[in-house]
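The block underneath contains the structure these notes are about, expressed in structure tokens.
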Amino acid sequence: MTSSKPNSIAHSQAPYDPGAIERKWQERWHEQRTNSPDLDRPARPFFQLMMFPYPSAEGLHIGNVFAFTGNDIYGRFQRLQGHTVFEPIGFDAFGIHSENHALKVGTHPMELIPRNIENFRRQLRRVGLMVDWSRELSTTDPAYYKWTQWIFLQLLYKGLAYKKKAAVNWCPSCKTVLSNEQVIAGHCERCGTAVEQRFLEQWFFRITDYAQRLLDDLDWIDWSETTKTAQRNWIGRSEGAEITFEVMGERAGENGAPRITVFTTRPDTIFGATYLVLAPEHPLVPTITAPAQRAAVEQYVARTVKQDLVARKVTEKEKTGVFTGAYARNPATGRDIPIWIADYVLMEYGTGAIMAVPGHDERDFQFAEKFGLPIVRVVAGEGEDAGTPLTTAYTENEAGRLVNSGAFDGLTVAEAKSRIVRWLEERGAGKATVNFRLHDWAISRQRYWGPPIPIIYCDACGIQPVPEKDLPVLLPYIEDFRPDDSGVSPLARHEEWYRVPCPRCGKLGRRETDVSDTFLDSAWYFLRYPSTEVDDKPFDPVRTRTWLPVDMYIGGNEHAVLHLLYTRFITMVLHDMGYLEFAEPFEKFRAHGLIIREGAKMSKTKGNVINPDEHIERWGADTLRTYLMFLGPFEEGGDYRDAGISGVRRFLERLWASAQEARSDGAPDEGVLRKLHQTIKRVGEDIPRLSYNTAIAAMMEYMNTLRADERTPHRAEVEPLVVLVAPFAPHIAEELWERFGHRESVFDAGWPAYDPARIAEEEIDLVVQVNGKTRGKVRVPVDVTQDAALAAALGAPAIAKFVTGTPKKVIFVPKRLLNIVA
RNA sequence: GCGAGAGUGGCGGAACUGGUAGACGCGCUGGACUUAGGAUCCAGUGGGGCAACCCGUGGGGGUUCGAGUCCCCCCUUUCGCACCA
């Protein structure tokens, strides 16, 4: 090695061969269990979690590689900081995606999924992640979904799981339930038939009971702000009032007049409520409808039901509706107002009924105009009064004052809200309420590929939970898992499975044939990782106390709402039941960005997807990892440009060469060492901020210093850099570390310390401005005084020539600049 | 429509609390070494001008000694949510 001449880097005896090195270290990590921490006796446990992937048939997506690498870097860095890091992985392999793909290629998911997983595992290993492969899990494993079913039962016992009828998208041709994504412009994605709504009995979780807590915790948990905002919007808390309207006239019926309760956020506008609108599905519709209107109403309801759930909610379409023939009394004005039904009112929000205030709500305004209903102004803005005509709904509520509202005239909107609610409360006609946009979580899927919901129906005993000792309820192998005419899950066709004795009375009962939502599988998987070998409980209490909550969770923002909200909910429930000591699952969550390619989104149809295998083959995993992280800020993503990767590869080549050539004799260069310490500081600060791109830039900058003017670096200048690079390019780091003579893994070496004293420069270039314009810089000691700096600046002709007369003012920012204002 | 984010060289992107705009990399230009190079190494590289200098962070105003960064208005764009009463 000593014989190599300075100029013969390319010919040094051991060229950088990523393929060989990466194979070697992946095997070594496996044999020596380098990445399998002792879960029972960790010194400083750190649970580093990435969102587990859905093992698609296409194989690992470059976006997965990006996300997992970013996650891995954080974990490896924590390990270098002295933590015992647990970085598990698993597969989210149940669900409609897998099932649809299986249907498409005509292979049974029970054959297909293990194949996909095998391929994913192979690809993931090649990326060189610090994953503890001994703790891999799959949601499709009965040993796993046994506990998914157990969680369902816990919610059932607590009264948090219940059954009700709910609308689903139904394809009359395929005879199956469709998810919203499978409905394209009102038609079935597969056969093109118009989709309808159907009402099926389904299982729900009462997540709305937790709405306020789920919202409140967002104030303190350390999560990406974008994610927290998305959750706040999704939970959609709104304060308002419920107001009761009495139905008038002969439709009143025997038990007194029916009452309609509406939810509104604008109780202040009640004097302007000129009609009511009920959702077509509202239960009171048949009761109140007048005989003369019955035919029209029934026809309208039938038409609404024909629509699929997506089309129903299209905003732009023309308002439609039908008069019921009934009237209700406005409790504020005492006037009788007509009751209509219209599909713009949704049964699932609020009470399924609204008081329409066309003067101050755009939708109501459109509706009133179309059907000739009265429009009354009850709020006047600046320069308006009670008589100013409304050409459009006036929805401004900052400047408005009440008009045409009896005793409340002249109040501001905010004042009127509380005063009117109080007034209605006193008269028993309303009350202040908080309403949430969040709905209960529908967990039933009328499908095959999921964990069966552990319920048995008995004609004598009703709904019976499967006893815990009988879990798991195994998903049976069904040759033809296609949905059929029956309209229920294919599981209903498997007689021996379907017919089962009632656990209570022993008579023949029937199993629930729905399977549960994939989001339930993924709502608790992080709890399972530390306890994968435990088979008598879902998670071991001691392990759980040691490792949880998760220290750092990284994943995509596409899961900002559903997955992350459901996971928080399940964690809170298990906490309330005493199974967990914490109520929030993830100490810290960060959302990663998206990778695009050459400025465009990657997609199969465009044929511009990146195959990780090919790129690893060509460049090596270390180069690919580092390049992906170099593209841009991890939390924002980046643009994968094929041409750029050579720069990163060159950087690793130069690192390799530097380590090969490094001399041990003599002393390292003081200037280079200062740069080294600055680099250690920068990289150590950038990684925790997920600013991986700038950390890499800092190392590259140091490399330029290290090799400037074709100098031969000293070992003491190179060796710490190997550790800095290790989280990004773990294989080359291990190899060079070993070649430097170390026996232990570089990840057990510890992060190098920097010496603050060494970082400080003695002299700096102080920027000098004259009247705010940069005119030059002067070389001065770091701790220069203002006067000395000014003298130095005025001593420089290039600067002094801009200073005319005596300076009026001098601004001096130590270590930064001097501004002379003339 | 509502909510969140982003507009900086030829390109991807730097710039901590307002303080040298363009770090780092790609590309490009020149040079060195070479039989050769699409390898490697070194140097240069925002625009204009011979130069002194001038102009530059989507557009327009403003605050400040000083603005990519703060404030107001507008444009473009990405991503969520979407008749939520």
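Lettering of chains follows the sequences in order, A, B, ..., and the numbering in each one begins at 1.
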Counting only side-chain N and O atoms of [X], is one of them less than 4.0 Å from OP1 or OP2 of [N]?
{"X": "A/N693", "N": "B/A14", "result": "yes"}
{"X": "A/N704", "N": "B/G25", "result": "yes"}
{"X": "A/R775", "N": "B/C54", "result": "yes"}
{"X": "A/K809", "N": "B/C65", "result": "yes"}
{"X": "A/R232", "N": "B/A4", "result": "no"}

Where the side chain of A/S224 meets the backbone of A/T226, is there a donor-acceptor pair that is under 3.5 Å apart?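 Not at all, since once roles are kept as given, no pair shorter than 3.5 Å links the two residues.
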Considering only the [atom1] atoms, how many Å lie between [N] and [M], rounded to the nearest integer?
{"N": "B/C33", "M": "B/U40", "atom1": "C1'", "value": "9 Å"}
{"N": "B/U20", "M": "B/G66", "atom1": "P", "value": "15 Å"}
{"N": "B/C42", "M": "B/G49", "atom1": "P", "value": "32 Å"}
{"N": "B/G1", "M": "B/U17", "atom1": "C1'", "value": "37 Å"}
{"N": "B/U69", "M": "B/U8", "atom1": "C1'", "value": "12 Å"}

**Study point:** pair A/V65-A/H615: side-chain heavy atoms closer than 4.5 Å
**Key:**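 In short, these two side chains do not touch, never coming nearer than 4.5 Å.
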Could you tell me the separation between the [atom1] atom of [X] and the [atom2] atom of [N], rounded to a whole number of Å?
{"X": "A/E661", "N": "B/C41", "atom1": "CD", "atom2": "P", "value": "11 Å"}
{"X": "A/E348", "N": "B/C83", "atom1": "CD", "atom2": "C1'", "value": "11 Å"}
{"X": "A/H563", "N": "B/G80", "atom1": "NE2", "atom2": "P", "value": "18 Å"}

Would you mind classifying the nucleic acid contact of [X] as base, sugar-phosphate or nothing, using non-hydrogen atoms under 4.0 angstrom?
{"X": "A/Y702", "value": "nothing"}
{"X": "A/K808", "value": "nothing"}
{"X": "A/K815", "value": "nothing"}

Here the gap from A/N608 atom CG to A/K601 atom NZ, rounded to the nearest 0.5 Å, amounts to 11.5 Å
I want to verify a distance call: between [options], whose nearest atom is closest to the [X] side chain?
{"X": "A/F630", "options": "B/A21, B/C42, B/G12", "result": "B/G12"}
{"X": "A/T229", "options": "B/A14, B/G3, B/C24", "result": "B/G3"}
{"X": "A/R641", "options": "B/A85, B/C24, B/C11", "result": "B/C11"}
{"X": "A/W234", "options": "B/G19, B/A85, B/C81", "result": "B/C81"}
{"X": "A/M700", "options": "B/C24, B/C41, B/G3", "result": "B/C24"}
{"X": "A/I811", "options": "B/G19, B/C11, B/A85", "result": "B/G19"}
{"X": "A/K801", "options": "B/A23, B/C81, B/C53", "result": "B/C53"}

Once the angle between the rings of [X] and [Y] is folded into 0 to 90°, is it parallel (under 30°), tilted (30 to 60°) or perpendicular (over 60°)?
{"X": "A/F66", "Y": "A/F634", "value": "tilted"}
{"X": "A/H360", "Y": "A/Y394", "value": "perpendicular"}
{"X": "A/Y627", "Y": "A/Y640", "value": "perpendicular"}

**hbond_proxy A/R816 side chain to B/C16 base (donor-acceptor, 3.5 Å cutoff)** =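 Such a pair exists between side chain and base.
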Any strand, both distances under 3.5 Å, Watson-Crick or G-U wobble: B/U45 pairs with B/G27
